[in-house]
Amino acid sequence: MKGLLLNTLLGLVLGRFGAVWMLAAFVPIVCAELAYGYAVYNLGFGTGIRRGVVLLVCGELAFLIGMLMRPLPGET
């Protein structure tokens, strides 16, 4: 659950204030979270794949919501 919260908050912030290419930042973050899960919790391969997909999808959807929260060009 901590990983989902981290990816959601990070996605919102990157989507709101970052450029579109910042979406690629989720790949190393998810890799680090999976490595932590393998090392600490001894997750299996199938569990790691499912967890990685869920974390990537959650972060990417939050990124898209963050992009929708950007102000329009005429607003300040």
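Along the sequence shown, residues carry numbers from 1. Every value quoted in this text rests on a predicted model; they were computed, and no experiment measured them. Values below: all heavy atoms of this structure, side chains included; hydrogens, waters and symmetry mates excluded.
- For the pair Asn7 (side chain) and Cys58 (backbone), a donor-acceptor distance under 3.5 Å is absent.
- Shown here for Arg70 and Gly15, the closest heavy-atom pair between the two residues is NE-O, 2.8 Å.
- Partners of Leu56 by side chain to side chain contact (heavy atoms under 4.5 Å, CB included), not counting sequence neighbours, listed by chain and number: Phe26, Val30, Glu60.
- Put simply, Ile29 and Val20 are part of the same group of oily side chains (I, L, V, M, F, W, Y) that touch within less than 4.5 Å, one to the next.
- Counting all heavy atoms, side chain and backbone alike, Leu12 lies closest to Ala62 at CD2-O, 3.6 Å.
- For Val54, the side chain to side chain contact (heavy atoms under 4.5 Å, CB included) partners are Leu4, not counting sequence neighbours.
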Evaluation steps, side chain to side chain contact (heavy atoms under 4.5 Å, CB included), between Leu14 and Leu23: CA-CA 8 Å; Leu14 286 178; Leu23 187 61; over 6 Å; no
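- If you chain together hydrophobic residues whose side chains sit under 4.5 Å apart, Met69 and Met67 never meet in one group.
- Note: the hydrophobic cluster containing Trp21 also contains Leu10 (ILVMFWY, side chain heavy atoms under 4.5 Å, direct or indirect links).
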Tabulate below the donor-acceptor pairs under 3.5 Å that side-chain atoms of residues 33-43 make, not counting sequence neighbours, or state none.
none

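- Through side-chain heavy atoms spaced under 4.5 Å, either directly or across other Ile, Leu, Val, Met, Phe, Trp or Tyr residues, Phe17 is tied to Val13.
- Alongside Val27, the hydrophobic cluster contains no other residue (criterion: ILVMFWY side chains under 4.5 Å).
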